[in-house]
Amino acid sequence: MHPAIAVRDLTKIYEEGNARVPALRGVDLEVQPGELVMLVGPSGSGKTTLLSIMGCILSSTSGSIRVAGKEVTALKPKQMASIRLDHIGFVFQGFNLFPTLTAGENVELMLDLKKVETAAGKKRAQLLLEQVGLGEKYNSFPADLSGGQKQRVAIARALAGDPQIVLADEPTAALDSHTGRNVMEMMRGLAHERGRAVVIVTHDSRVMEFADRTIRIEDGMIADSTLEEIEVPPGLGSYPAQASV
Amino acid sequence: MPPLARRNLFHDKVRLAVTVTGIVFAVVLIVVELGLFVGFTETTSALVDNSAADLWITSKHVPYVELGVPFSERKLYQARAVPGVAEAQKFITHWTQWKRPDGRNESVQIVGINPDSQLGRPWNLVQGRAEDLKRPDAIILDDIYKPKLQVTAVGETFEMNGKRARVVGFTHGIRSFTTSPYVFTTFKRAQEYSGLADDQTIFILVKLAPGADLDTVRRGLLGRLTDVEVFTSREFSRMTQIYWMFTTGAGVAVLLAAILGLVVGFVVVAQTIYATTVDHLKEFGTLKAMGAPNSYVYKVILTQAAISAVIGYGLGMMVSGFVVRASQEGGAAILMPWPMAVGMFFLTLLMCTSAALVSINKVTRLDPAMVFKG
């Protein structure tokens with residue numbers, strides 16, 4: 001079985017006027033199906049750039065990247081969009097739900113992009129919302145949902161396309177600790193029970209316990225990749241174990 | 001497809017109101033400017049268009065209906081003898097002076113006709129009949145010009161070119177492009193008011209016999225009558241319109257105003273549609289990040305533009321309808337013939353969708369990585 005994501009000697013350099021700012025320098029990384037990987041590190045270390053490249057949203061400067069077994073390094077924007085649609089689900093820090101659509105319609109939108117017929121799309125959207133515990137919120141608008149509920153709708157939307165890979169950018173940053181734990185348990189379930197490769201960028205040290213592997217990035221390079229070596233800032237513990245979805 | 005375009009529009013009522021107001025403003029502006037142009041154009045040739053004549057016989061080199069040159073009325077009998085001519089009548093248009101009760105003079109255009117004929121008669125009569133012109137000193141004028149000429153009712157008498165004139169009827173909506181109102185009277189009396197010699201006319205109007213060929217009759221007239229030109233009503237109408245609208249500065253000014261209205265309208269629509277798109281830039285970025293092809297995003301934006309166009313057009317035409325109706329009581333008519341109303345729909349749609357294309361350009365260049373920027 002090939003890795004869900006395979007990154008080899010990846011570099012990314014941003015051009016800012018005449019200046020060249022390296023964001024990633026020779027990153028090597030593999031993420032397996034069923035694995036939950038966290039990318040941590042200080043701001044500006046290159047985590048989000050790496051996530052964007054793995055998500056086929058950004059092109060690398062050099063190196064190679066394979067997503068779901070496909071070489072995507074030199075793809076054109078249109079082809080990258082197609083890879084995103086077919087293989088990747090995104091969960092964003094700010095939820096990025098469409099405020100004018102109901103929770104159900106937000107999920108349906110993803111299914112519409114996948115050309116699922118309308119009636120079948122509605123049925124599947126309802127099922128997905130039930131899976132994240134929001135079956136009764138189908139007709140609620142995002143403004144009427146709590147932060148945790150919005151993030152669960154976002155997860156349902158990310159899963160609607162049945163992606164092999166789920167990429168999340170600070171999914172718990174806007175949530176309280178209890179809700180954040182619920183979301184993280186859901187993400188772990190995606191990896192362990194449903195076999196998705198899940199990559200999460202986070203600053204939140206309280207969610208580290210959910211990771212199968214934690215990769216620390218500093219100055220655009222992988223500094224280390226073990227959870228035990230991550231320093232938890234004083235005063236920040238882990239989420240209480242009894243929280244539920 | 002979830003109704004993203006419709007919801008984007010209707011979710012924010014204030015933004016929707018601003019967008020629709022912009023489009024309504026553009027529609028009304030364009031309708032008024034174009035309507036004025038059409039109104040002025042039709043006004044210039046109204047006498048010809050409503051003459052019921054098939055052919056106009058004029059002196060040579062007459063450029064438009066108000067600048068006819070007198071010629072001998074003997075040509076009338078020659079014209080009547082041409083095969084295919086069912087009827088020929090003398091017709092005069094000539095400027096003369098109208099003396100108001102307060103002593104001030106106004107310029108008017110006297111129109112001399114045969115009240116027993118259908119050719120050249122006043123139309124849209126709201127009081128009196130064309131046959132009433134056979135009464136002594138009788139004239140018919142348009143009620144729009146009552147204040148200008150200080151006329152209030154049928155039966156009043158005035159003075160034109162030093163001769164008595166009695167109002168026997170009113171028309172409604174027969175405007176003059178030159179601001180000199182038309183005053184209808186008999187041919188004989190028109191000769192007197194305009195100082196024309198007894199044996200002269202300015203035009204001869206010709207009605208063809210049923211089944212007669214227009215070109216054959218025209219050739220027949222030109223063969224028998226010397227020193228004249230023969231135009232179809234359509235030709236003479238076009239000549240008059242072109243003279244007033246393009247040879248004089250007035251028509252060009254109206255045309256420029258109409259073009260300016262189009263440009264300003266487009267800019268207003270472009271701004272409002274652009275702002276509507278930019279308001280939802282984050283969502284379009286999310287769509288692109290989710291893997292939506294550009295065509296999907298374009299469809300949402302164009303649908304928003306099309307819905308805005310339909311609403312803006314509907315309300316804009318309602319407002320325009322009021323403006324057009326109100327203008328009927330004034331000296332400058334704003335006309336909105338149905339082809340113009342239909343054309344406005346497609347123009348509004350075109351303006352909104354092409355304005356959307358400007359904003360699409362911004363969305364196309366949108367970096368989907370923006371979704372990771374908080």
Side-chain angles (χ1 to χ4, degrees), chain A residues 47-53 55-59 77-102 104-116 118 121-122 125 141 143 154 157-158 160-161 163 167-170 173-174 201, chain B residues 1-20 273 275-305 307-308 311 360-374:
Chain A
K47 311 183 292 294
T48 302
T49 297
L50 180 57
L51 191 78
S52 299
I53 293 173
C56 296
I57 277 179
L58 201 61
S59 296
K78 194 176 172 182
Q79 295 165 312
M80 297 215 329
S82 176
I83 295 284
R84 290 198 295 274
L85 185 61
D86 290 340
H87 301 290
I88 304 169
F90 290 96
V91 178
F92 307 104
Q93 177 181 348
F95 320 123
N96 288 41
L97 296 177
F98 295 86
T100 61
L101 299 181
T102 65
E105 288 166 342
N106 264 281
V107 181
E108 274 181 57
L109 188 64
M110 185 70 214
L111 293 162
D112 188 54
L113 288 176
K114 301 275 284 185
K115 301 194 189 314
V116 175
T118 307
K122 281 184 187 300
F141 285 95
R157 181 178 69 182
L167 303 180
D169 182 42
E170 304 276 9
V201 163
Chain B
M1 181 179 182
L4 186 58
R6 186 163 52 81
R7 292 282 179 76
N8 277 354
L9 275 179
F10 290 96
H11 188 75
D12 184 345
K13 302 284 189 295
V14 175
R15 160 56 64 196
L16 176 67
V18 170
T19 304
V20 169
I273 294 287
T276 303
T277 304
V278 168
D279 271 359
H280 297 282
L281 223 45
K282 187 183 172 191
E283 288 140 53
F284 294 131
T286 304
L287 261 180
K288 290 183 79 169
M290 286 162 63
N294 279 336
S295 58
Y296 193 95
V297 182
Y298 298 164
K299 196 173 161 189
V300 173
I301 294 172
L302 287 172
T303 306
Q304 280 181 207
I307 294 172
S308 305
I311 298 170
I360 276 176
N361 185 42
K362 189 171 178 69
V363 174
T364 302
R365 288 186 281 114
L366 199 63
D367 182 2
M370 71 178 283
V371 292
F372 290 130
K373 291 171 186 164

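The structure places CZ of A:Arg157 at 5.0 Å from CG of A:Leu97, a figure rounded to the nearest 0.5 Å.
For the set A:Met110, A:Met80, A:Lys78, the entry with the most heavy-atom pairs within less than 4.5 Å of chain B is A:Met110. Per-residue heavy-atom pair counts under 4.5 Å with chain B were compared for A:Leu111, A:Thr102, A:Ile57, and the maximum is reached by A:Ile57.
Results of the side-chain contact (heavy atoms from CB on, under 4.5 Å) test with B:Ile360 over B:Leu302, B:Asn294, B:Val297 single out B:Leu302 as the only residue that passes.
Neither the backbone nor the side chain of A:Pro77 comes within contact range of chain B, judged by heavy atoms closer than 4.5 Å.
Under the rule for a side chain to side chain donor-acceptor pair (under 3.5 Å), the partners of B:Thr19 that lie at least two apart in sequence or sit in another chain are B:Thr276. Scored by the side chain to side chain donor-acceptor pair (under 3.5 Å) test, B:Asn8 finds A:Thr100, B:Gln304 as partners (sequence neighbours excluded).
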